[in-house]
4 protein chains.
Amino acid sequence: MTDNKKPDHSRRKERSRRAILEATRALVAEEGYDGISIEAIASRAGVGKQTIYRRWPSKDAVVFAAILALGENRDGDDIALPDTGDLRADLRLVLRATVEEFTDPAFDRLMRAVNTAVSDNETLAARYREEFARPLDEAKRARLLSAREAGELSPDADLDLMLETLYAPLFQRWLHRSGPLTAEYADALVDTALRAFGP
Amino acid sequence: MTDNKKPDHSRRKERSRRAILEATRALVAEEGYDGISIEAIASRAGVGKQTIYRRWPSKDAVVFAAILALGENRDGDDIALPDTGDLRADLRLVLRATVEEFTDPAFDRLMRAVNTAVSDNETLAARYREEFARPLDEAKRARLLSAREAGELSPDADLDLMLETLYAPLFQRWLHRSGPLTAEYADALVDTALRAFGP
Amino acid sequence: MTDNKKPDHSRRKERSRRAILEATRALVAEEGYDGISIEAIASRAGVGKQTIYRRWPSKDAVVFAAILALGENRDGDDIALPDTGDLRADLRLVLRATVEEFTDPAFDRLMRAVNTAVSDNETLAARYREEFARPLDEAKRARLLSAREAGELSPDADLDLMLETLYAPLFQRWLHRSGPLTAEYADALVDTALRAFGP
Amino acid sequence: MTDNKKPDHSRRKERSRRAILEATRALVAEEGYDGISIEAIASRAGVGKQTIYRRWPSKDAVVFAAILALGENRDGDDIALPDTGDLRADLRLVLRATVEEFTDPAFDRLMRAVNTAVSDNETLAARYREEFARPLDEAKRARLLSAREAGELSPDADLDLMLETLYAPLFQRWLHRSGPLTAEYADALVDTALRAFGP
DNA sequence: GAGTAAACGAGACGGTACGTCTGGTCTTGGT
DNA sequence: ACCAAGACCAGACGTACCGTCTCGTTTACTC
């Protein structure tokens with residue numbers, strides 16, 4: 001009965017999709033959020049504007065998708081935090097790595113663009129939390145849980161609050177450029193969190 | 001000994017300046033950052049566009065100035081934190097008040113607009129820190145210093161880090177809408193900070 | 001043998017072209033040259049400004065094109081002068097008609113606009129002569145030639161000079177409003193020219 | 001009671017008046033009608049804009065006044081035409097001189113500016129005729145009258161029409177750049193007029 | 001292979017806002 | 001009292017992009 005009449009254009013689709021996202025990423029990394037426009041993305045990707053509008057409803061959504069796509073090859077193991085049994089050492093490693101990421105100019109501009117896109121758009125903000133932040137948070141939370149069970153943290157430690165205590169200062173310093181982002185700073189954040197939530 | 005030959009048009013200047021900033025504030029509070037334009041501001045303020053461009057180089061700068069002007073009547077006493085001798089109680093009061101501010105829709109939109117304006121503009125970011133954030137931070141720091149001297153905090157407590165531990169999680173939750181902003185949350189942040197930096 | 005790859009938007013093009021020229025003509029006829037602006041034309045034609053700028057480089061060029069387009073349906077026969085064998089009668093007919101044209105307020109404003117547009121722009125002036133004035137002049141010249149061959153004019157009459165003698169006083173009176181434009185005046189011009197260039 | 005409190009500002013008035021008109025003339029001669037603006041005139045004359053608007057209602061009026069002022073030193077004798085008793089010779093002299101005037105680039109631009117200013121403004125057109133054209137026309141008319149009385153012209157010659165026959169073709173050629181302005185052309189115009197209006 | 005339909009690149013379109021420029025008015029301080 | 005200087009409101013200028021739309025042109029699949 002139902003014979004499939006629709007050809008599958010997935011290959012072209014996929015090619016143009018990638019071109020668009022890559023062009024967007026490149027433009028954001030080069031020029032920052034304000035320097036980009038749908039026309040610039042289309043032109044750079046060698047694509048018609050309609051091909052962009054067919055998939056995404058706004059510039060913010062494209063920028064957002066472009067950054068999200070960065071993480072789409074990740075699988076669960078990639079984002080699992082190290083667990084050597086020594087929480088302090090593991091957290092220092094991870095926060096130092098985070099500090100380094102934020103220090104990279106290309107990553108800086110990408111994240112600022114995401115931040116701008118998300119800041120005034122509740123829908124994108126929700127997707128950001130669900131699709132971008134949550135997987136990372138789950139991984140971090142898992143490490144803290146393991147530590148709590150190992151007695152490295154107080155039994156009634158609020159792990160979500162502890163995560164915020166660890167990461168929010170870092171995020172704020174980066175966003176407002178209100179202080180240096182260094183390995184020492186990362187270590188200090190770990191120490192602070194452990195003092196507050198340790199046994 | 002050549003005299004200053006330029007007439008002083010300060011009265012007109014001041015009148016139009018106020019009208020522009022007020023119109024900007026009203027528009028941001030009503031429509032959010034994306035809803036505003038120089039033309040809308042000029043029209044609402046009953047002012048020519050050139051009168052805006054004569055003073056500020058960009059939309060961001062106007063928005064920023066409009067918010068900055070909010071705090072320009074403040075003097076030192078207005079922003080001093082309460083000091084009852086009980087640090088925990090004082091901090092709870094202050095953080096609960098902050099939570100409430102962020103919960104007000106008009107304030108929310110103003111702050112998001114500032115955040116957007118500042119986020120991609122290093123110059124504005126610097127002015128934001130100097131002219132907006134710093135006076136508040138100084139006041140908060142003064143209260144912590146008094147507490148440290150009173151023995152309510154560890155003698156070697158890093159007060160700047162403590163401030164970040166107190167406020168950054170709140171700011172991040174607000175910006176990313178990643179959790180509820182409640183009085184309980186404010187209290188939890190105070191408790192966390194005191195556990196980490198207490199004696 | 002590469003094909004033409006450009007899409008043909010000729011239907012939309014033509015619709016908007018007509019709308020622009022018609023709106024321009026209407027505005028000039030109603031308000032005169034000074035009352036028009038590209039924005040007014042665009043708004044009246046229901047067209048984006050860029051659609052005008054895509055085709056014409058300046059306001060003068062649009063006005064000029066709008067008037068030129070008036071004559072674009074004319075073919076050779078439409079502008080041929082009557083030839084009854086009686087030159088004086090034929091010329092009186094034609095000059096009286098010209099006088100009447102110049103007396104029509106709408107035509108008056110259109111012609112004054114063309115005159116203004118052409119007056120300070122050598123390129124437009126050249127196009128005016130070639131595309132607007134020349135075809136008419138050829139037709140008039142043809143009638144005079146036929147008359148000269150019929151012995152109604154002196155065999156060595158300079159026909160271009162005779163045309164100027166006929167029309168220039170009319171044009172000048174109209175442009176400078178330096179005297180009444182009446183049928184009698186038209187007749188007097190014909191008589192003058194025939195006295196000067198007759199056999 | 002009535003002590004005279006008014007200083008005599010007529011000297012300053014006169015100085016700025018001259019400066020404005022001279023600056024206008026220079027600007028028109030250099031840049032043509034489109035190149036001028038009230039601001040440019042004010043700046044060039046070292047005068048405030050208001051000083052211009054106090055005296056003239058529009059740009060056209062200033063331009064017009066600037067050209068009119070050129071002729072204000074003229075007295076009756078300056079513009080009287082030569083009267084040697086040989087009309088043809090006298091007219092050739094005068095028309096050749098006129099041709100030469102129109103050939104001068106500075107004069108060309110000034111006259112085109114006047115023409116543009118006058119063309120869309122009925123009030124200025126009237127003043128142009130009264131204050132600029134009429135005195136010259138009277139002088140020309142006087143010469144023709146003398147000729148008619150001397151029997152060099154037909155007794156019933158319409159002198160105004162004859163003036164138009166002499167000058168309008170020249171004016172039109174110049175305005176539309178529709179042919180060369182040469183001494184031969186001037187002579188041909190004289191011959192044409194004499195054939196039409198001679199005895 | 002030939003036929004087909006969806007997706008495509010290109011880019012014109014009606015619009016909005018930009019940042020600049022000029023016009024005409026108003027204000028202030030200097031001469 | 002009058003002026004130069006220039007800020008002001010107003011609004012047109014020409015440009016850049018927006019999001020929509022219409023064109024021919026691939027392309028991937030069907031028969």
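Numbered from 1 within each chain, the chains take letters A, B, ... in sequence-line order.
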- prompt: Sub-3.5 Å donor-acceptor pair from the side chain of R177(C) to the main-chain atoms of S119(D), do we have one?
  reply: yes
Proximal nucleotide (of dG19(E), dC13(E), dC13(F)) relative to the I38(C) side chain: dC13(F)
message: Mind checking if S58(D) touches a base, just sugar-phosphate, or nothing, with heavy atoms under 4.0 Å?
response: nothing
- line: From NZ of K59(A) across to P of dA16(F) the rounded distance in Å is 16 Å
task: Decide side-chain contact (heavy atoms from CB on, under 4.5 Å) for R55(C) and K13(C); before the verdict, give the C-alpha distance in whole Å, the side-chain angles of both, and the deciding distance to 0.1 Å.
output: CA-CA 10 Å; R55(C) 286 193 221 293; K13(C) 260 176 141 145; 3.7 Å; yes
message: Rounding to an integer number of Å, can you tell me how far D34(A) CG sits from dC18(E) P?
response: 13 Å
field: side-chain N/O R54(D) vs dC3(F) OP1/OP2, d < 4.0 Å
entry: yes
task: May I ask you to say whether E131(B) pairs ionically with R127(B), meaning some side-chain N is under 4.0 Å from a carboxylate O?
output: yes
field: Those residues of residues 115-128 of chain B lying under 4.0 Å from DNA chain E by at least one heavy atom
entry: none
- prompt: Just checking, any donor-acceptor pair under 3.5 angstrom between side chains of T24(D) and R44(D)?
  reply: no
- prompt: Would you say Q50(D) has more than 12 foreign heavy atoms packed within less than 6.0 Å of its CD?
  reply: yes
message: Without decimals, in angstroms, what is the distance between R17(A) CZ and dA7(E) P?
response: 16 Å
- prompt: To the nearest angstrom, how far is Y33(A) atom OH from dC17(F) atom C1'?
  reply: 14 Å
field: Minimum side-chain heavy-atom gap I67(B)-V63(B) below 4.5 Å
entry: yes
message: Among residues 44-53 of chain B, which ones have heavy-atom contacts with DNA chain F below 4.0 Å?
response: G46(B), V47(B), G48(B), K49(B), T51(B)
- request: Tell me whether the OP1 or OP2 atom of dC8(E) has a side-chain N or O from R55(A) closer than 4.0 Å.
  value: yes
message: Does the Lys NZ or Arg CZ of K59(C) fall within the cation-pi geometry relative to Y33(C) - under 6.0 Å from the ring centre and within 45° of the axis?
response: yes
query: Atom CD of E39(D) to atom P of dA7(F): distance rounded to whole Å?
result: 11 Å
message: Rounded to whole Å, how long is the line connecting atom CH2 of W56(D) with atom C1' of dG23(E)?
response: 17 Å
- prompt: Could you give the CD1-to-P distance, from I20(C) to dG14(E), as a whole number of Å?
  reply: 7 Å
- prompt: Want to settle it: does I36(C) or S37(A) sit nearer the 5' end of DNA chain F, counting the closest nucleotide to each?
  reply: I36(C)
Separation of atom CG in L27(D) from atom P in dT22(E), rounded to whole Å: 12 Å
- line: Residues at least two apart in sequence or cross-chain that pass ring-ring contact (aromatic ring centres under 6.0 Å, His included) with Y53(A), listed by chain then number, are none
message: So does R112(D) get a backbone contact from the side chain of T116(D), meaning a donor-acceptor N/O pair under 3.5 Å?
response: yes
